[in-house]
Amino acid sequence: MEPIRPVKGTRDFFPEDMTFRQWLYAKIRGASERFGYQEYDGPFLERLSLYAAKSGEELVKDQSFIFEDRSGEMVALRPELTPSLARMVGAKSKSLPRPIRWWSFGPFWRYERPQRGRSREFFQWNIDLLGIDSPEADAEIVAAGAEFLRGVGLSPEAVRIRINDRRLAETQLDKIGIGSDRRALVYRLIDRRDRMSPAKWLDWSLAEGLSPKELEAIRKLLDDREAWRGSAPLERFFEAADSLGVGDYVVYDPTVIRGLDYYTGTVFEARDSASKFRAIFGGGRYDDLVSAVGGDPVPGTGFAMGDVVLRLVLEQYNAAPVLDSRPAKVLVTTFDDSGLMPALKLATEFRGSGLEVEWYPTVAKLAKQLRYADRVGARVAVILGPDEIAAETVTIRDLASGKQQTVPRGEAAAFARGIVEGSA
RNA sequence: GCGAGCGUAGCUUAGUGGUAAAGCACCGCACUGUGGCUGCGGGGACCGCGGGUUCGAAUCCCGUCGCUCGCCCCA
């Protein structure tokens, strides 16, 4: 029979992959909770209209997993969390104490062509601070991201968080004669500059109707790394970032603008310093989003980070953790048929004393069982043969040192635990 | 939606027209109550699938499916 293929763009999480996912989850939880954020989650399935209201219709139709349920309702596997967050906050906005500090980690789906750093099913960390409209609030969110990076071993030399502010960009563009009618277009151009060759970018910009003179002015803006000085929100942001202890991670970058329409102020993204990968996380301030999905106006700031790019970056900078996916520290061997039940009873006793115990499930040569113990990373092998059963003893072998000792049965669990915990 | 590259054992790959090979992994033996190291041996591949060219195809050609990498898009 033909094997049934997995759905394109999905990943199987074998135990080794699962330990990475859980490690990541723990790191994300650590960074989030250190700043007082609460974990929450939305449904994985949402009405299509939730996204259609906010995002471009084409975007949702072409790049989301959408289908009709049995009642004819159009639903989508969530492609992002922010609309759900806005809906949830909107529903309770009158009773929730402000500010709202929430984080989440879960699966998302996008119907895109899988490529390096991009799959159709992925996990994403979302963290948001709502109810406060200030540069210090933006700085706190960025600090949570920076502390996460530090926590996983990505230094400021490896990853930098690039900051800009759309309010500043607006003022700059106004000054060179680019008004609100062409703002969105220019944002797109800026957003894409580092992803295209300079010549290609030039051609494209001209084709979009910008004059050479305007282009020259834009180019000058993008090269000015000091333009944040004099912008009150950015000055306050960077001062707060310093006080939050993450000044080494943040840098002003006029080329960061983000593709999304809903950002209203600070925007930022974390990139590896070689710019080899896509953005590790990206976000910004969105003060009109909650009201856009029907709630009372609540200002917000936050970002999202996908697991796929992060893993690539960790590997690139040799920061990927070495994890043990085998919990069993003790292996109980099975000597012969008459030793089967005694072995099971012993394993049960050991578990009762708090040890993680695996049992070799068939009668086999001791050499084979010990080799298995070695392979699965057990620290201790327990040998319960006819001699031990007759004498009411147990042989405990330390697989790291190769030393073994035969002890009275009543002391066996404690003795094994001593080895596992490194105190013997 | 468009383009390119690649599909050979569980994994990584060699073989570029003459009837499939290596390393790792797995199993066994040396070592029937003692693992890691070593040595020896063993099992395992309709060479992605279908068609064509040829005396002969893993190899060349066409199609198809899959994977990967770009473009598009990126919430």
Side-chain angles (χ1 to χ4, degrees), chain A residues 2-11 14 46 48 50-65 76-86 108-120 122 124 126 188 191-192 195-197 200 204 257-263 267 269 277-279 281-284 286 289 292-293 302-306 308-309 312 331 333-336 339 360 363-390 394-406:
Chain A
E2 279 288 301
I4 295 168
R5 306 185 165 284
V7 174
K8 185 195 273 293
T10 62
R11 291 168 293 167
F14 289 95
E46 287 275 17
L48 183 60
L50 177 71
Y51 307 105
K54 181 198 69 84
S55 323
E57 202 172 313
E58 192 189 322
L59 202 62
V60 174
K61 272 192 179 150
D62 292 348
Q63 313 246 3
S64 296
F65 276 88
L77 281 167
R78 62 181 188 183
E80 58 165 331
L81 190 57
T82 310
S84 304
L85 168 67
F108 295 85
W109 294 265
R110 289 181 194 172
Y111 197 82
E112 299 179 295
R113 201 67 192 266
Q115 285 164 50
R116 186 170 185 76
R118 186 149 85 181
S119 60
R120 288 185 170 183
F122 54 93
Q124 208 177 57
N126 280 262
R188 283 168 80 88
D191 186 47
R192 233 167 286 178
R195 288 186 236 139
M196 313 176 70
S197 69
K200 229 174 138 186
W204 190 52
I257 205 75
R258 305 293 297 163
L260 264 176
D261 289 342
Y262 61 62
Y263 291 121
V267 286
E269 54 191 41
F277 302 101
R278 299 164 198 277
F281 60 73
Y286 50 90
L289 195 59
V293 293
F303 69 80
M305 178 188 80
V308 182
V309 171
L312 292 174
L331 181 102
T333 58
T334 299
F335 198 84
D336 55 24
Y360 199 90
V363 175
K365 278 189 182 177
L366 198 51
K368 192 175 170 180
Q369 299 192 44
L370 289 177
R371 198 181 328 129
Y372 177 78
D374 206 44
R375 294 272 161 84
V376 302
R379 180 66 205 278
V380 166
V382 175
I383 299 160
L384 190 64
D387 300 347
E388 285 86 356
I389 291 175
V394 175
T395 296
I396 305 289
R397 183 174 178 84
D398 182 337
L399 289 163
S401 69
K403 287 180 188 154
Q404 67 183 42
Q405 199 170 325
T406 302

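A quick note: this is a predicted structure, and the numbers were derived from the prediction, not measured. In the text below, chain A, chain B and the rest are named by the order of the sequence lines, each starting its count at 1.
Atom C1' of B:G7 sits at a distance of 32 Å from the matching atom of B:G41, rounded to the whole Å. Rounded to whole Å, the P atom of B:G43 lies 15 Å from the corresponding atom of B:G23. Taking atom P in both B:G15 and B:A21, the straight-line distance is 15 Å, to the nearest Å. Spacing between B:C61 and B:G17 at atom C1', rounded to whole Å, works out to 14 Å. Going from the P atom of B:G39 to that of B:A25 covers 12 Å, rounded to whole Å. Between B:U8 and B:A22, the distance separating the two C1' atoms is 13 Å to the nearest Å. B:U16 and B:G56 are spaced 16 Å apart, taking the C1' atom of each and rounding to whole Å. With both ends at atom P, the span from B:A4 to B:A75 equals 29 Å, rounded to whole Å.
In this structure, B:U54 shows a glycosidic angle more than 90 degrees from zero, which is the anti conformation.
Listed candidates were B:G33, B:G66, B:G35. Nearest to the side chain of A:I383 is B:G33. For A:K8, whose side chain is taken as the heavy atoms from C-beta onward, the closest listed nucleotide among B:C67, B:G35, B:G33 is B:C67. Closest to the A:R116 side chain, of the nucleotides B:G33, B:C27, B:C69, is B:C69. Nearest to the side-chain atoms of A:K365 among the listed nucleotides B:A30, B:C74, B:U68 stands B:A30. For A:D374, the side-chain atoms get nearest to B:G35 when compared with the rest of B:C71, B:A75, B:G35. When distances run from any side-chain atom of A:R278 to the nucleotides B:C73, B:G33, B:G35, the shortest one goes to B:C73. Side-chain atoms of A:Q63 lie closest to B:A75 of the nucleotides B:C27, B:G70, B:A75.
In this structure the side chain of A:L331 reaches within 4.5 angstrom of the side chain of A:Y372, judged on heavy atoms. A:Y51 has its side chain within reach of A:P83: a pair of non-hydrogen atoms, C-beta onward, lies under 4.5 Å apart.
In the interface, the side chain of A:Q404 is not paired with the base of B:G35 through any donor and acceptor atom under 3.5 Å apart. Side chain A:R397 to base B:G35: a donor-acceptor pair is found below 3.5 Å. Within 3.5 Å, a donor on the side chain of A:R118 pairs with an acceptor on the base of B:C73, or the reverse.
Side-chain nitrogen and oxygen atoms of A:R258 include at least one within less than 4.0 Å of the OP1 or OP2 phosphate oxygen of B:A75. Taking side-chain N and O atoms only, A:R375 has a distance below 4.0 Å to OP1 or OP2 of B:C26. In this structure, A:K368 does not reach the B:C31 phosphate: none of its side-chain N or O atoms is under 4.0 Å from OP1 or OP2. At B:C73, one or more side-chain N or O atoms of A:R192 fall inside 4.0 Å of OP1 or OP2 (strictly under the cut-off).
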- Message: With salt bridge (charged side-chain N to carboxylate O under 4.0 Å, His left out) as the criterion, how do A:R258 and A:D191 come out once you've worked through the C-alpha distance, each side chain's angles and the decisive distance to 0.1 Å?
- Response: CA-CA 6 Å; A:R258 305 293 297 163; A:D191 186 47; 6.0 Å; no
- Task: Using the salt bridge (charged side-chain N to carboxylate O under 4.0 Å, His left out) rule, take A:R118 and A:E112 through it: C-alpha gap first, then chi angles, then the decisive distance, then the call.
- Result: CA-CA 8 Å; A:R118 186 149 85 181; A:E112 299 179 295; 3.5 Å; yes
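In this structure, A:K403 NZ and A:D398 CG are separated by 8.0 Å, a value rounded to the nearest 0.5 Å.
In this structure, A:G9 and A:P79 both approach RNA chain B, and ranking their closest nucleotides by distance from the 5' end singles out A:G9. Residues A:G117 and A:R110 both approach RNA chain B. Their nearest nucleotides, taken by heavy-atom distance, put A:G117 toward the 5′ side.
Among all heavy-atom pairs drawn from A:T334 and A:Y360, the shortest one is OG1-O, 2.6 Å.
Note that A:R110 lies outside the cation-pi zone of A:F65, set by a 6.0 Å cut-off to the ring centre and a 45° limit from the axis.
Stem regions annotated for RNA chain B: B:1-7 with B:65-71, B:10-13 with B:21-24, B:26-30 with B:38-42, B:48-52 with B:60-64, counting only runs of 3 or more consecutive pairs of Watson-Crick or G-U type with both contacts under 3.5 Å.
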